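Structure first, then comments.
All values derive from a computational prediction rather than experimental measurement. Below, chain A is the first sequence line, B the second, and so on; all start at residue 1.
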There are 2 protein chains.
Amino acid sequence: MPPAKRADARRNEQALLAAAATVFAESGVAAPVREVASRAGVGVATIYRHFPTRADLVVAVFRHQVEECVEAVPGLLADGPTPYDALVRWVDLFVDFLVTKHGLAEAMQGEDEAHATLHAYFVEQLVPACAALLDAAVTAGQVAPGVRALDLLRGIGNLSVGDGTFGYDARPMIDTLVAGLRA
Amino acid sequence: MPPAKRADARRNEQALLAAAATVFAESGVAAPVREVASRAGVGVATIYRHFPTRADLVVAVFRHQVEECVEAVPGLLADGPTPYDALVRWVDLFVDFLVTKHGLAEAMQGEDEAHATLHAYFVEQLVPACAALLDAAVTAGQVAPGVRALDLLRGIGNLSVGDGTFGYDARPMIDTLVAGLRA
DNA sequence: CACGATACGGAACACCGTTCCGTTTAGCAA
DNA sequence: TTGCTAAACGGAACGGTGTTCCGTATCGTG
């Protein structure tokens, strides 16, 4: 096992996470790296030392909320009158998360290598969660089979992009998409 | 009325349109400005002289195809067995257009000022076309009222983003969205 | 053919993510 | 306490964008 990190390194990592959370909330997830660095009172290199790529920083900032989404699934399936209701409520949860983090949906669907880590993390965590809900609804005969959780998740993410800009309202379209799943 | 443009200016404008069409097809709509300029054999400033912003260039390159989408509407409404069928086929047309122009959907939904012109042009041209189909389907009782053409159009554009990347397939989700419109 | 307005090309600027390198500092051992 | 070394740091530097500026070349006309 590698030696423990130095105290100042641990301190800076925490400062960076806090600063990134603030800056992301104020200026969006696409905020310049330099802004996060100066907010945390460190140099830019320190960011890259702790988070090899910008995606790793984003993942670290939002990890807790993603995990909440994943962990909400069993409860929803147990509480919801039907699996489809559980799916609908889970989608609401996910969309709330996406649209309140300005620019997160955009970052998730970036195609370049830099965003691949971010995309991979979201897929890894959320696809199984979404698949569980989808499978339950299909088994219950409420949703037509053949829809892949990956496509649904990505579709919801895509529909959330640009919510509120140019008069676009993502929610009705997401509701329509989910309605279209019905058997 | 302003004096006519010089011959070399007209020539360069055509060369730029041709070069941009080629480069956009090869490297996507987000290709560097310098690449278009060098392909056309002109300096970068010449691009900005003819097309004040990148969006103007993109609009100029795709204007014909957008117009084709708009002009297809009456024929589809006349031919289709039902208004809903016409809507489905029009969406197919639109999606074909979007996914074959790599990066166009991404560019359409950009939030910054630079893309505003591009977004405005698409909305201006396509919202009325989409609304005509939507209204006809609603009147025929095939589609539930209350869906705005703007939201539907933007939703389809968003769902088209990243088609084919990371295993995402946009078509099933667009089909699902359109299915969700049904009354 | 000469001249002025028009248009041009490429350097220059501002901003981005990322990397490099000389300097500082934490933690430990004497 | 002091000295040493590896870990960590900050900011300059690099490569890449979009956009603007300015001295130069060209077109079209009198």
Checklist entry - Which atom names give the shortest non-hydrogen contact between A/Y84 and A/R182, and what distance separates them? => result CE2-NH1, 3.3 Å

Item to check | B/S/- contact track for nucleotides 17-30 of chain C, protein heavy atom under 4.0 Å | outcome: BBBB----BSS---

Checklist entry - Between D/dT20 atom C1' and B/F51 atom CZ, what is the distance in whole Å? => result 18 Å

Next on the checklist: Listing request: all side chain to side chain donor-acceptor pair (under 3.5 Å) pairs with a residue in residues 38-49 of chain A, at least two apart in sequence or in separate chains.
Outcome noted: A/E26-A/R39, A/T46-A/R49

Checklist entry - Does a side-chain N or O from A/H50 land closer than 4.0 Å to OP1 or OP2 of D/dA8, or not? => result no

Item to check | Under-4.0 Å salt bridge between B/R171 and B/D169 | outcome: no

Next on the checklist: So, using side-chain hydrogen bond (donor to acceptor under 3.5 Å, both in side chains) as the criterion, who are the partners of B/E35 when residues are at least two apart?
Outcome noted: B/S27

Checklist entry - Is a side-chain donor-acceptor pair under 3.5 Å present for B/D56 with B/T53? => result no

Next on the checklist: In whole Å, I'd like the distance from the CD1 atom of B/I47 to the P atom of C/dA7.
Outcome noted: 17 Å

Item to check | Single-linkage hydrophobic cluster, 4.5 Å side-chain cutoff, A/L17 and A/V33 together | outcome: yes

Next on the checklist: Please determine whether a side-chain nitrogen or oxygen atom of A/N12 lies at a distance below 4.0 Å from atom OP1 or OP2 of D/dC9.
Outcome noted: yes

